[in-house]
Every structure is written in C-alpha cells, then in structure tokens.
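Every number for a ligand or one of its atoms is a count from 1 in the order of the listing. Remember, predicted model here, so these are calculated numbers, not experimental data.
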Amino acid sequence: MLIKSWKNSQLKDNDVTDEQVYHDRRSVLKKLGFTGAMTLLSQSAVAGSFDWFSKDETPAFKTTPLNFTKAKEQLNPLTDESVATSYNNFYEFGTSKSDPLENAQEFNVDPWKLEVGGLVESPLSLDYDDLLSKFSLEERIYRLRCVEAWSMVVPWIGFRLADLIKAAKPLSSAKYVSFQTLYSPEQMPGQRSRFVGGGVDYPYVEGLTIDEAMHDLSIMSVGMYGKTLPPQNGAPVRLVVPWKYGFKSIKSVVKIELTDKEPPTTWNILAPDEYGFYANVNPNVDHPRWSQGRERRILGTGLNAQQRIDTKMFNGYSEVASLYSSLDLRRFY
Ligand SMILES: Nc1nc2c(c(=O)[nH]1)N[C@H]1C(S)=C(S)[C@@H](COP(=O)(O)O)O[C@H]1N2
Ligand SMILES: [Mo]
C-alpha cells in the first residue's frame, strides 16, 4: 500500500531501530494496562507483526455484544479474532499493522454522527444508537483481500448499504456514492503528521458506483465476531465490499453522499498508476510492483495458520460480474 520511495526515505531519516519500536510499544501498552509477556523474538516476526500481541491481553476499548441474524452462509475456517483485531491497516492511527490497535484504544465513537446526503430526497443523520438499531443487523462472513496480497476471513455484522441508501430516497440522477472518514487530528495521530499518516491527505475518502453500492453484498458494518467493532477495525461504522481490495472498505465513516460524478478516492489520489477507482480483486491484473495472482491467507498466529492460495476473480464473489460486463477491467483497475 505504501509509496515505496517515500516510506524508505522517511524511515532512513527517522532511523528507528527495532529495539526503539519495541520499547515504545511496551510503554504504550503498559499505560493501557497490557501485561502479557512480549518478547523481542515475536516483535521481529517476518511474516507479520501481529503475533507480538497475544490473546490474554485485553485492549482498553470496550466492545458490546450485538443482536443479529446469524450468517446464512458459513465459511470455515475464520481468521482468529485476536489476529483480525491486531493486524490492521488504518493509517489515521499509523502505518504499521500493529499501530491501530495500539493507538486507537481511546477513540471516541459515541457520540457519533453519520450524515447521508447529496442527490437524495430525504437526507439522514444517524447517531450512534441509530447505527445499531435503525436497520436489521445480520452477520456476513466475508473474505477480505488486501491489495498487499494478504487476506483474512471475517464474520462482520452490519446492515445492507442498499437499505441505508433507500431510506434516504435516492434521486435518479445519483450515479455514485462517496464516503468520508472522520477528520479528528486530536484523536488520530496520522492526521497530525505526514510521517505517521503515510503521506495521505485526510480525511480518507472512498467511492462506489450506485450499482455497486446497491448490491446485496455491500454492507455497512457495525460489528464483528458477535460484538460492536473495535476502533482499529473502523468503529462505529465502516463499509465492507468483499469483492474489492480492502482499501475500498473505508473505516469510521461520518459522511455518505450520492453524486452524479465519480468521487475522488484516497489511494487513487496518492498513486493513480497503482490504485484505481474500481479496485476489484483481480488475479489477472497485477499491481505494478507485485503479482496479484496469489495471496497469503492469515487465519491465526500458529505455524500453519498462514496459507498461500490462489486469488480468485472478484475475490470469489462471481455474482458481481454482471456489474462489469461493459468495462475493460485492465483499463479500469
Ligand atoms: N479510513 C481508513 N479506512 C481504511 C484504511 C485506512 O487506512 N483508513 N485502510 C484500508 C485497508 S488498506 C484495508 S486492507 C482495510 C483493513 O480492514 P481491517 O483492519 O478491518 O482488516 O481497511 C481499509 N479502510
Ligand atoms: Mo489494504
């Protein structure tokens, strides 16, 4: 996901040693009341940086159980909850996979306001309780494929994006849907510093076509693993579009607007040659710097908990193919 040259130069300038990072983490975690044993050995893990966080350490942020309809379609095995909630991309809280868990525990999700507007007849304004009560919540077990070529299997809980859009009564002129993450530099260290935030111009923005947004697979998630979302996964409400690369699934959304023009999207602005508007998972169209043909499926922290598997077209969700029958997916990546 990173702009390679930028990151490399920043790292050199900053000259952070593994040991410094380790000690910083340790003190932050202590402040949050983490007590489990953390070793330099696990910190230096090559495959990913999630295994320094072990299961018996409880984050400070409180999640609560949700009422929801169980998933119709079971998908086994799931990624361990401890991994899906500690190996994250959420650049507002830092660019390392372990940063969001570490830096987002004090994040304020209540009160919250999600505004739905633009080309609609009835603009909506949902507060925190509305998000959990206005729409029927269901579980959806989805594969999540990051553009960086790793993937997980996550039991999300949420409501259909289509239900939200219908409630706002879309005008026929609406062709796209834009999304915006909270802008709160006081709470999000990545929004205070270009180094911490990976050079992104915040707020993070994303977009879908109206047909993509209305598709049954597109959900607004308010929970995972039976409970409300933890902040590192995009609390209190985030988009999940499972047939697209993970960066489309924008977190901590405060604004949704229906428009007649393709909206700007964060990673496309940052590196248009590498990240397109559509960003459909596609093993036949490589990223300019790596292959998208295969992926590392992360299920847990044990020795056999990572599998190298083939990446499937549309991440295996072939039912969306008809959305793109007139689109050259090589050109519109
Ligand atoms: N606001 C915001 N949303 C975001 C990101 C981000 O940095 N900021 N990262 C994206 C990327 S690259 C991925 S892979 C997914 C990761 O979601 P997860 O941490 O819940 O697995 O969130 C996406 N949503
Ligand atoms: Mo990603």
Co-membership, hydrophobic cluster, residues L75 and I309, 4.5 Å side-chain: no
Within reach of ligand 1, part of F247 (heavy-atom separation under 4.0 Å): both
Atoms in ligand 1 flagged as close to Y91, the criterion being non-hydrogen separation under 4.0 Å: 6 (C), 7 (O)
With heavy-atom distances below 4.0 Å as the criterion, list the atoms of ligand 1 near F90. 1 (N), 2 (C), 6 (C), 7 (O), 8 (N)
Distance under 4.0 Å to a non-hydrogen atom of N233: what atoms of ligand 1 satisfy this? 18 (P), 19 (O), 20 (O)
Parallel, tilted or perpendicular, judged at 30° and 60°: which one describes the rings of F247 and Y245? parallel
Just let me know how E148 lines up against ligand 1, side chain, backbone, both or neither, with a heavy-atom cut-off below 4.0 Å. neither
Purely on distance, is any nitrogen or oxygen of Y87 under 3.5 Å from one on ligand 1? no
Check contact between S252 and ligand 1, using heavy atoms of the residue and a distance below 4.0 angstrom. no
Can you tell me which portion of V154 lies within the under-4.0 Å heavy-atom range of ligand 1? Options are side chain, backbone, both, or neither. neither
For atom 19 (O) of ligand 1, which candidate among M188, K251, Q232 provides the closest heavy atom? K251
Salt bridge present between E206 and K244 (N-O < 4.0 angstrom): no
Quick one: which of E295, R143, R145 gives a side-chain hydrogen bond (donor to acceptor under 3.5 Å, both in side chains) with S151? E295
With a 4.0 Å cut-off on heavy atoms, does R238 reach ligand 1? yes
Taking C-beta and beyond as the side chain, do N284 and R330 meet within less than 4.5 Å on heavy atoms? yes
Which ligand 1 atoms are under 4.0 Å away from a heavy-atom of L144? 21 (O)
Within the distance-only criterion (no hydrogens, no angle test), does the side chain of S221 pair as donor or acceptor with the backbone N or O of L239 below 3.5 angstrom? no
With atoms numbered from 1 as shown, which atoms in ligand 1 lie under 4.0 angstrom from a non-hydrogen atom of C146? 14 (S)
Heavy-atom contacts with S249 under 4.0 Å: which atoms of ligand 1 show up? List them by number with element. 22 (O), 23 (C), 24 (N)
Going by the angle between their ring planes, with limits at 30° and 60°, are Y87 and W150 parallel, tilted or perpendicular? perpendicular
Go through the steps to decide whether N89 and K97 satisfy the test side-chain hydrogen bond (donor to acceptor under 3.5 Å, both in side chains), and finish with yes or no. CA-CA 6 Å; N89 276 332; K97 295 291 184 282; 3.1 Å; yes
Side chain, backbone, both or neither: which applies to W156 and ligand 1 if a contact is any heavy-atom pair less than 4.0 Å apart? side chain
Quick one: which ligand 1 atoms are inside 4.0 Å of a heavy atom on I250? 3 (N), 24 (N)
Salt bridge check: are R297 and D310 linked by an N-O gap of less than 4.0 Å? no
Which of Y176, Y278, Y324, W243 passes side-chain hydrogen bond (donor to acceptor under 3.5 Å, both in side chains) with E212? It is Y324
What do you reckon, does T181 have a nitrogen or oxygen under 3.5 Å from a nitrogen or oxygen of ligand 1? yes
So is K248 actually on top of F277's ring, under 6.0 Å and inside 45° of the axis? yes
Check each of E206, R145, E92 against atom 2 (C) of ligand 1 and report the one with the nearest heavy atom. E92
Which of the ligand 1 atoms, numbered from 1, are nearer than 4.0 Å to a heavy atom of N88: 18 (P), 19 (O)
